[in-house]
Amino acid sequence: MLPPARRGRRLALPALLSLLTCSLAFALVSEDVKKEARQSKNLEKSDISKKNDIDLKEIVFVIQSQSNSFHVKKAEQLKQSILKQSTDLTQEMPTVLLLHQLAQQEGAWTILPLLPHFSVTYSRNSSWIFFCEEDTRIQIVQLLETLRRYDPSKEWFLGKALHDEESTIIHHYAFSENPTVFKYPDLAAGWALSIPLVNKLTKRLKSESLKSDFTIDLKHEIALYIWDGGDGLPLTPVPEFCTDIVGSSCATSFQSSLPLCGNPVKKEDIFVAVKTCKKFHGDRIPIVKQTWAGQAGHLEYYSDYADNSIPTVDLGIPNTDRGHCGKTFAILERFLNHSHDKIPWLVIVDDDTLIRMVFSKEAIRRLLASKCRCYSNDAPDDMVLGMCFSGLGIPVTHSPLFHQARPVDYPKDYLSHQVPVSFHKHWNIDPVKVYFTWLAPDEEDRARQQSRRGLREEL
């Protein structure tokens, strides 16, 4: 990962080489030939634009919003920006949809279940479905110019291309022989489907149901479905779909700072529960204490064995090798019923997690008042909690800043526009180094500030 200054330097060398190469080439041709070439190129570009000319009303914008009031506000602001730019262009208004308002369709946030709706509703008068996140910034003029390069009567899957550096568990080790060959979109930069492709995917969805009822990494799984084992369509990389603004040609960009949700919660208002077990007391707990534990105002370690040297609390739940639902619910019960009345937030972490997973006290109170419980101690706690909260009508607010794997499991370009909140797993990495590279707060990391940039490149 290159920090901004280094990225600029890296881009500068190829640009300089290209400039020198062009200078040499131009020195070998006459001025008349250059003029003719320029005119031909401009004419070709003009012909393409005229042939694929589209109006804003032919684009359906889908903002991948959430029902939380903070996220609704951000999505509405983006919607108003799109509409204002459209007004300034004196064009007919495009359709702008907020994804959370389409949530009556089960699994709507995963996009694919919505494609039949898009096909029926918009295929007659639209050419493109353009998806973006709440923090995506869109330049409408540049977006129109970009889409005009692609014939809307054909099938297109457009986006900023990402690829895995190595095979990873979050993608089920797909393309393990060469993970760089498969491209999937960075949703933060926006991505687009032409209506003919939407119609084709709709026919497939009607003839065969989706093979999985859960989603781990949306962007990768959408690309896999569209690719269809090689019988479908690969992603077409679009350089104008950007996260960092690298030039005036960018049709999109992305805000890469932490969200401004209001005043920070005081650490005294957060209780941290660390899930561990006896076999990991010696190697994982010291890492927790060496990294983020000092930031916690209230912290306890919950185990299957009471160890006074740490200390740990024995919850009376035997350790399980798979899910930890029994242990998680025991922690929730303890938090709600044992001397934590004035603490409004609970953070539950595994002993190999570099920071969080978060619940409000009211959410825990409603959960435990319900009949929803683990079907076994080793059930997957995250999935059980998701089903329980869904049944209670309590939406889970998603943040892409929480990561379920290590930095090496994510594309460098994807992490470049994030301020990560957490990573998970210690496999084949130095977790202390990862923490101080990606997660340590400034006051704790002041002495390492200069070295952090170089470390990110290595990780």
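The chain is numbered in sequence order, starting from 1. Because the structure is a prediction, the values reported are computed rather than measured.
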Quiz: residues 188-201 side-chain donor-acceptor pairs under 3.5 angstrom, not counting sequence neighbours:
{"unit_1": "Trp191", "atom_1": "NE1", "unit_2": "Gln64", "atom_2": "OE1", "d": "3.2"}
{"unit_1": "Ser194", "atom_1": "OG", "unit_2": "Lys154", "atom_2": "O", "d": "2.8"}
{"unit_1": "Ser194", "atom_1": "OG", "unit_2": "Trp156", "atom_2": "N", "d": "2.8"}
{"unit_1": "Asn199", "atom_1": "OD1", "unit_2": "Ser119", "atom_2": "OG", "d": "2.7"}
{"unit_1": "Asn199", "atom_1": "ND2", "unit_2": "Ile195", "atom_2": "O", "d": "3.4"}

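- Checking side-chain atoms of Ser390 against main-chain N and O of Gly386 turns up no donor-acceptor pair under 3.5 Å.
- Side-chain atoms of Thr95 do not come within 3.5 Å of backbone N or O of Val60 as any donor-acceptor pair.
- Phe241 places a side-chain heavy atom less than 4.5 Å from the side chain of Thr146.
- Salt bridge present: Asp135 and Lys74 bring a charged side-chain N and a carboxylate O closer than 4.0 Å.
- Between the Trp345 side chain and the Lys267 main chain, no donor and acceptor come within less than 3.5 Å of each other.
- Gln418 places no side-chain N or O within 3.5 Å of a backbone atom of Leu401 that could act as its donor or acceptor partner.
- Between the Ser81 side chain and the Gln77 main chain, no donor and acceptor come within less than 3.5 Å of each other.
- Side chain of Asp55 to backbone of Glu58: no donor-acceptor contact under 3.5 angstrom is found.
- The aromatic rings of Phe182 and His220 lie perpendicular to each other, with more than 60° between the two planes, well past the 30° mark.
- The side-chain heavy atoms of Asp228 and Asp231, taken from C-beta on, include a pair separated by under 4.5 Å.
- Judged by distance alone, the side chain of Gln66 and the main-chain N or O of His100 form no donor-acceptor pair under 3.5 Å.
- Side-chain contact check for Leu346 versus Val358: every heavy-atom pair is 4.5 Å or farther apart.
- Using a 4.5 Å cut-off on side-chain heavy atoms (C-beta onward), Asn178 and His163 make no contact.
- Screening residues 152-203 for disulfide bond (SG atoms under 2.5 Å apart), with sequence neighbours left out, gives no hits.
- When atom types are taken as modelled, the side chain of Thr353 and the backbone of Val349 share no donor-acceptor pair closer than 3.5 angstrom.
- Not a single donor-acceptor pair under 3.5 Å links the side chain of Ser126 to the backbone N or O of Ser123.
- His426 has its side chain within reach of Ile287: a pair of non-hydrogen atoms, C-beta onward, lies under 4.5 Å apart.
- Taking the six-membered ring where tryptophan is involved, the planes of His417 and Tyr414 are perpendicular, since the angle between them exceeds 60° and thus also 30°.
- For the pair Asp381 and Lys275, the salt-bridge criterion is met [side-chain N within less than 4.0 Å of a carboxylate O].
- By the 30° and 60° cut-offs, the orientation of the rings of Phe389 relative to Phe359 is tilted.
- Two residues are said to be in side-chain contact when any heavy atoms from C-beta on lie closer than 4.5 Å; Ile129 and Phe131 meet this criterion.
- Under the salt bridge (charged side-chain N to carboxylate O under 4.0 Å, His left out) criterion, Arg137 pairs with no residue at all, not counting sequence neighbours.
- With respect to Arg149 and Glu240, a salt bridge is recorded, a charged nitrogen being found less than 4.0 Å from a carboxylate O.
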Exercise for the section: May I have the step-by-step check of side-chain hydrogen bond (donor to acceptor under 3.5 Å, both in side chains) for Gln404 and His424, ending in yes or no? Expected result: CA-CA 5 Å; Gln404 63 186 32; His424 189 208; over 6 Å; no
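- Judged by distance alone, with hydrogens and angles left aside, the side-chain atoms of Thr121 form no donor-acceptor pair with the main-chain N or O of Phe118 at under 3.5 Å.
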Practice task
Show your working on salt bridge (Lys or Arg N to Asp or Glu O under 4.0 Å) between Lys160 and Asp413 and close with a plain yes or no.
Solution key: CA-CA 10 Å; Lys160 176 186 175 182; Asp413 205 19; 3.0 Å; yes
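- Centroid-to-centroid, the aromatic rings of His403 and Tyr410 come within less than 6.0 Å.
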Exercise for the section: In sequence, state the C-alpha distance, the side-chain angles, and the governing distance for Asp164 and Tyr184, and then conclude on side-chain hydrogen bond (donor to acceptor under 3.5 Å, both in side chains). Expected result: CA-CA 9 Å; Asp164 293 338; Tyr184 52 96; 2.6 Å; yes
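- Between Glu362 and Arg366, no side-chain nitrogen of the basic residue sits less than 4.0 Å from a carboxylate oxygen of the acidic one, so the salt-bridge criterion is not met.
- Proximity of Leu78 to Cys132: side-chain heavy atoms (C-beta onward) are separated by under 4.5 Å at one or more points.
- In this structure, Lys361 is positioned above the aromatic face of Phe335, its NZ or CZ under 6.0 Å from the six-membered ring centre and within 45° of the axis.
- A salt bridge links Arg406 with Asp409: the closest approach of a Lys/Arg side-chain nitrogen to an acidic carboxylate oxygen falls below 4.0 angstrom.
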